[in-house]
Amino acid sequence: MLLCLISKGIFPANYIHLKEAKVEGTGKQETVVPTDLPLVQELGTTLREWTQIWHKLYVSNKTTLFRNVQQMAYSLIEYRSQIVSGTLPNDDLVELRKKVTAKIDYGNRILGLDLVVRDEAGNTLDPERTSTVSLFRALESASHSIDERIQEEKVKHLFLLYVLSHCGVHTYSLQINLRNFVCNIGEDAELFMSLYDPDKSEFISENFLVRWDSKGMPKEIEKLNNLPALFTDLSSSDLIRQRLFLVCQIIRVGCMELKEGKKHTGGLRRPFGVAGSGHKNRFFIVNRWYICRRSRWFSSLFVTLKLLPGDVFQVKKNYPHFVDRTTAIVRKMGFPEIILPGYLRNDIYVTLLQGEFDRGKKKTPKNVEVIMSVLDEEGNPMEKAIFPGAGYEGITEYKSVIYYQVKQPCWNETVKVAIPIEDVCRCHLRLTFRHRSSQDSRDKSEKPFGMAFVRLMKSDGTTLPDGKHELIVYKVDVKKADDAKTYLTLPGSYAEVEEKERQTGKSFHHGGIIPITKDSFQIATLTCSTKLTQNVDLLGLLNWRSNTERLEEILQKLMEVEGGEIIKFLQDTLDALFNIMMETSEEETYDTLVFNALVFIISLIGDIKFQHFNPVLETYISKHFSATLAYQKLTKVLNYFVGHAEDPAHTERLYAALKAFKYLFHFIVQSRILYLRWVLFPLCVFVEHISLSHSVQLAKFIESIPDFQMVRQKLGCLVKIVESNLFKQPDCRDVLLPLITDQLSGQLDDNSNKPDLEACVQLLSTVLDMLDCKDVGPTSAHVKLIVDRLLRRVNRTVINLSLDSPFIGHYLACMTAILKQMEDAHYAQYISTFKTRQDIIDFLMETFIMFKNLMGNVFPPDWMILNLHQMKVFLRAIDQYSDVLNGYFLDSAHFHLQLWNNYFHLIVAFLTHKSLQLESFSLEKRNKILNKYGDMRKSIGFKLRDMWYNLGQQKMKFIPAMVGPILEATLVPEPELRKATIPIFFDMMQCEHHFSTNHNFQKFENELITKLDQEVEGGRDFPLLLPYFYEITSLSSLSCPQNFYKEKKREDIYIRYLYKLRDLHLDCENYTEAAYTLLLHAELLEWSDKPCAPHLIPWDGTQGWTQQELKERLFQEIMCNLDKGKVYTYICFCTQKQQAQYYENIMHAMRPQPEYFAVGYYGQGFPSFLRNKMFIYRGKEYEWLEDFSLKLMSQFPNAVKMTITSPPGDNICNSPGQHIQCFMVKPVLNLPSQFKDKELPEQILNYYRTNEVEKFQYSRPFRKGEKDPDNEFATMWIERTTYITAYCFPGILKWFEVKSMSVVKISPLDNAIETMELANEKLSNLVQQQACDRSLPVHPLSMMLNGIVDPAVMGGFSNYEKAFFKEAYMKNNPDHLERIEVLKHLIALQIPLLDEGIRIHGEKSTEQLKPLHNRLVTCFQDLRAKVEKLYGVITLVSLTDSTQIEGSVRGRQRDCSFWEEIRMSTISNASSGHSTGSGSSDGNSSRPASQESVSTASSSLIPRNKLPCFQHFFFFGPFSVNPRDGCALKSQ
């Protein structure tokens, strides 16, 4: 760290922030832990864990959950930044901590992660320092809170869906972002942005205020290009306005006029310009506005806008990336159409409208400035109560804009007044008017000339009415004008004067205390408050105590109040009604009126307009309702209405009450519950005041109560005693604990009829929790007493409870707490209390079974901390009970097989429990568990090994029964555990071999095979099992499960896996492989009438078949699949009709040939059965290498695709990663012996070119020596690799391993010979096809002939002439002369083939092809003359001789050895010096070049009845390679 501070690095210093940290541990355990707050560290850990899940949700396309996680993650990031900033007050930090922990816990629950248990401060609890009972209670409380939160989210979601589907009303928010303001003002400016309706000439929102400095930058420079605001509470009715504008008013703050000078008055707010933009019905704009000022357009304002659905809370939740703590919230001036639950607001909007002011002694009108402030009744100003616009804190005094020399200025400036609700009644607005001069010296002498005021609340307690108010302007040239107590006695507006005149019936005469001016001034107010009402009747109800004589009138008038007003004050209204009912309980006068008012409110909420307030009413009943005796009054009135149902006067009231009966009944039930809580005061209220001297008397008093009377009260009293400080004293515990254990043992005894399980577990858990505290003194003796008296009873209670019992978790927590607090001596002492060995057996048997059944089945999976704590306690208990087994039940005389068997099964169940499988957890979670608990599997695994070896000769009793459980243990992917448990298998084999009569381990082997099969059937990945069982047995056939089961003569399993493999092939449409798989089953059957053994019949077969019947059915299915795969083998097993059809398909059906691919898996990251091995894959017909590679790489997403085709080096093979090599290979024709030297149709040869093959070739060109710039073919060698697979294709799989590989290097000359051979073969075959079938198109022949006789691109065999026929080459390579002659002869041999081809081409040419044909004839004549002159003349029998076309196979016949004979003939003629030649090759012929065949060839003539034909067509040219082969295309 010091080195970093004094050294220079690659990063700028201002980009580096050094965080404080501390180092924990040493060596490999050394970790650097930041010294951040624990909550900050938890936030980072949580976000990292959520990010991984977030990615998986995106991949799996779980859109809803993905967006929820996104929103929560954004919120946590924002919370973290606020905490790290260190600027939050302590109260805000505490509140934010609650939000963070609630958000984390909620997110973990919906993601299925572990529940974090916390204390009251929100800190994570340490299970090592927390009692088991406290841990359980904390988890239970946290889980309950999260469940409530989830239920609330569901209710809100359903509510929103209901509103959207039924009410048709939407709430929207408009998000804007001021990007830039370009205007050369030269002074500071204020920008006020708001929404404006031009048709109604009114602003509908507050202002969004942005302050700009004189340099053209925001006042807060950090907000440059990012000044966001959110206009909220917009409804659908706002969006459908005819026109709606976003208006920006620019106010200049400086001198009266833009003139330079030091004597001018500064700080004046002057109008400068306005900008606006609007769009009918939508706001999806990124706009540039122009500022309009005195008809000059020269400035612009850049703003982005986006309309978002939802109110401010929904937008913050759904779009946290748009709205953060820097976003200004701009409220609508009015309520939204839907007042959502929890909506709180208390705002008063004041608009300075206009005024008319006398000029007095001045010649020109005044420059009037209005100064507004909020004062209390004493005249003291309310600090920061005025808000000119959102985005800034409030101010105490607001100064208006100044209009220069205007007699009747119109301001239309709106500000928000926000003061505490309790201060509204004593506050008023004071407005002072002052003339402002442009000269600073004159301005200082100017004093206010007028004053006006208005009270915020009327004398009757209602808020100032909405609308315009004409205020009285008083002179301020007298001292009393500044005295609030004086001027508040006067009327503030002319409306007050009229009201007073109406009340008194007399005209108002001003008393002259403060003179009134001739000036006039108007303001407008709008109250948006859920606490302030302008309705007198509703206010009368809320303040009923001050006017009880009018209570009856108030209750009756309540039902005339507008519903919206009542809904805004729902909780206050209900509280007032029930207070009236309770506080006037002695009088029944008002009960009916309150009942009717209550029914009216419930009916109002039932109206469709306010149905969304149902959750609010339910919340009020459950959390805020507190009238304990209301049930008496409500039921009494309801009974009265029911009893007088026939009275017409009550019929309507009864009908309304029945419609509201649901919530009336809720009120009655909740009131009764509250009453019972109040009446049933605990018996033990006096316990806190009991002294130690009275504990004995208290114990005797409780003992004197009969056992089965007042059980709950006794146990409840004991709970209070245990929770008191009395129980923390050891002496007192010595007295009280025997009493407690007696009471509990009596209740939990087996003979108890109906124990009070809830009261018992509450008392027991409280006792155990207290005993686990650190400040209660010694507890060993007390724990011993609990163990002796209660452990067995608690165990049996847990066993008898069902898993869905509400008390099972509580009792399991108590049992775990007892085991945790037990010391080693307690275990030994408790075992010694049993009188006989049978008692110990019974105890251990029920304990082992109970442990096995309870692990992970009681507590929820997300209570990981408690599950691991339970496992740790159980591990220690199992270790203690292991010593009991070794000490009491190991010798032959007392050995108990079932007890030991239960013990081993318990250990295996513990070892394989899902909560301990660390590999399935994230890295963060795994490290937490390892640091806190270690890997408990290793400890229990070592115990399993030791206990097994302790058995001695008793081991045979567990073979083969224990093979399966031990196998489960060895499959746990933990290396040290495997090293400890796998040797148990060897020991089992040795034991069976030593003690069995046949001296083998057949039982072990059969059981192991059966269990392995069950593992695979259960979904276990078989290849992953292989490496671990190579250590057990040397059965190499494990690499293929079918072969393994066949070798072990388990034909039942063998056949089952054959059909599984068949089904897999059919799902992938691998019909040929499916047929070959069924063939393996058929090979097990005989052609006889022997009945089939049951295991030979497939699961979908019929019992009673003979082997011949089953075999025939199998061959029918085999041939059906072969027909789909267009592979026609085993035709002899079909009917004659089927055979005829198959033969017809062989000769005439189109059968595309599959491609073959070589795939190598290199690197230690692959499983052992793939690692550093090569396989050949049989692909689909016409499958491209790119498609096959993509499909292959998708199975190994972490693998790297190699770009080379040569074998990799050791650095790749030994690397820890995964590398895949993939390229195309060509199968090598391998005709069966019965077909050699015979005439075969081309269709049959095509089949054998890609089927019944096991040899494949890949040719890779490379250069040897210096490159010849004139001719590159002289140095172009071919490296041909031959692969031989373990099995022939096709087979039961689509791939087989390469068992051998050889490499041959082909010289350029041999490559040229091979290329010419292949070209001649293709040409001969194509000519023969055209001769035999005149209906074939002539275009392929045209292209091939043109490519040979006029090789404009590739150069033809002239490249070979330049490379090999020069005198210098032959002189330097005398050993090549014989092969050069072969090449020359092949060139000469091409001439008669071309001659025949051109003749056929001329016969089939149309008029359009005549020019091309003439060109071919001309070029061929030149070529023929050249070749015959240089390499001699070769004459062949006509390829179209009709006597050769007709035959048993009707034309196109040839022998596979035809071109071999041509080669021998060529060599023979070349030896006689008759000809020379040149050619080219694609390097991928159907057989490899063989120098031996060239050198040992004997002379022979070309047989006339051997006609060449071949499969593919290529342009003729030097070294033309098919790019799909995986080789590079070379061109001259």
Side-chain angles (χ1 to χ4, degrees), residues 1153-1162 1172-1179 1185 1188 1202 1204-1209 1213 1220-1233 1236 1245-1264 1276-1291 1293-1315 1317-1318 1321 1379 1456-1457 1459-1460 1463 1481-1496 1510-1512 1519 1521-1528 1530:
Q1153 297 181 355
E1155 304 289 353
Y1156 286 90
F1157 305 92
V1159 180
Y1161 301 93
Y1162 300 105
N1172 297 332
K1173 293 181 180 180
M1174 178 74 77
F1175 295 83
I1176 300 296
Y1177 281 71
R1178 177 184 170 96
L1185 176 63
F1188 177 80
M1202 299 175 62
I1204 60 173
T1205 58
S1206 57
C1213 296
I1220 294 181
Q1221 187 182 66
C1222 181
F1223 51 89
M1224 292 185 71
V1225 293
K1226 292 295 181 182
V1228 178
L1229 176 67
N1230 181 27
L1231 279 175
S1233 58
K1236 290 185 177 180
L1245 287 173
N1246 281 340
Y1247 168 78
Y1248 282 107
R1249 286 190 178 101
T1250 55
N1251 294 282
E1252 309 297 334
V1253 290
E1254 62 179 357
K1255 186 182 293 186
F1256 302 86
Q1257 290 182 345
Y1258 175 74
S1259 298
R1260 184 177 65 87
F1262 70 97
R1263 296 195 178 278
K1264 193 173 184 181
M1276 183 66 70
W1277 287 64
I1278 297 295
E1279 181 185 81
R1280 179 160 294 159
T1281 305
T1282 302
Y1283 305 95
I1284 300 178
T1285 56
Y1287 302 96
C1288 286
F1289 286 97
L1293 298 176
K1294 293 286 284 187
W1295 63 89
F1296 290 119
E1297 185 180 353
V1298 174
K1299 68 177 182 181
S1300 65
M1301 183 174 64
S1302 60
V1303 180
V1304 175
K1305 294 182 179 180
I1306 302 175
S1307 68
L1309 180 58
D1310 292 332
N1311 180 40
I1313 294 173
E1314 183 179 314
T1315 304
E1317 285 181 349
L1318 185 60
E1321 182 180 355
R1379 281 177 283 167
C1456 66
S1457 61
W1459 281 105
E1460 190 64 34
R1463 298 177 70 174
S1481 169
D1482 69 351
N1484 288 284
S1485 63
S1486 59
R1487 58 189 178 280
S1490 173
Q1491 297 183 16
E1492 182 182 357
S1493 64
V1494 174
S1495 61
T1496 60
F1510 40 89
Q1511 176 186 3
H1512 297 294
F1519 198 68
V1521 182
N1522 185 355
R1524 290 177 62 190
D1525 295 348
C1527 298
K1530 292 291 182 179

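Sequential numbering from 1 along the given sequence is applied to the chain's residues.
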Residues that Phe1157 engages under ring-ring contact (aromatic ring centres under 6.0 Å, His included), provided they are two or more places apart: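 Testing Phe1157 for ring-ring contact (aromatic ring centres under 6.0 Å, His included), a comparison that skips the adjacent residues, returns Phe1188.
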Mind checking ring-ring contact (aromatic ring centres under 6.0 Å, His included) for Tyr1162 and listing every partner two or more places apart, or none if nothing turns up?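 If we apply the ring-ring contact (aromatic ring centres under 6.0 Å, His included) test to Tyr1162, skipping adjacent residues, there are no hits.
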Could you tell me which non-hydrogen atom of [X] sits nearest to which non-hydrogen atom of [Y], and how far apart they are?
X: Cys1288; Y: Phe1296; value: O-CE1, 3.5 Å
X: Met1276; Y: Pro1261; value: SD-CB, 3.8 Å
X: Val1253; Y: Tyr1248; value: CG1-O, 3.7 Å

Please report the interatomic distance [atom1]([X]) to [atom2]([Y]), rounded to the nearest 0.5 Å.
X: Glu1279; Y: Arg1260; atom1: CD; atom2: CZ; value: 4.0 Å
X: Gln1221; Y: Ile1204; atom1: CD; atom2: CD1; value: 6.0 Å
X: Tyr1283; Y: Gln1257; atom1: OH; atom2: CD; value: 10.5 Å
X: Arg1379; Y: Asp1310; atom1: CZ; atom2: CG; value: 4.5 Å
X: Thr1282; Y: Lys1226; atom1: OG1; atom2: NZ; value: 15.0 Å

Any side-chain heavy atom of [X] within less than 4.5 Å of one from [Y]?
X: Arg1178; Y: Asn1251; result: yes
X: Pro1208; Y: Met1202; result: yes
X: Trp1295; Y: Thr1285; result: no
X: Leu1245; Y: Leu1231; result: yes

Would you check, one step at a time, whether the test side chain to side chain contact (heavy atoms under 4.5 Å, CB included) holds for Met1174 with Glu1297? CA-CA 6 Å; Met1174 178 74 77; Glu1297 185 180 353; over 6 Å; no
Walk me through whether Phe1262 and Lys1305 qualify under side chain to side chain contact (heavy atoms under 4.5 Å, CB included). CA-CA 10 Å; Phe1262 70 97; Lys1305 294 182 179 180; 4.0 Å; yes
Measure the acute angle between the ring planes of Phe1175 and Tyr1161, then classify it against the limits of 30° and 60° as parallel, tilted or perpendicular. perpendicular
Evaluate ring-ring contact (aromatic ring centres under 6.0 Å, His included) for Phe1256 paired with Phe1289, printing each intermediate quantity in order. CA-CA 11 Å; Phe1256 302 86; Phe1289 286 97; 5.7 Å; yes
Can you establish whether the number of heavy atoms outside Lys1255 located under 6.0 Å from its atom NZ is more than 12?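 Check fails, neighbour count at 12 or below.
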Regarding Arg1280 and Tyr1258, is there a side-chain donor-to-acceptor distance under 3.5 Å anywhere? no
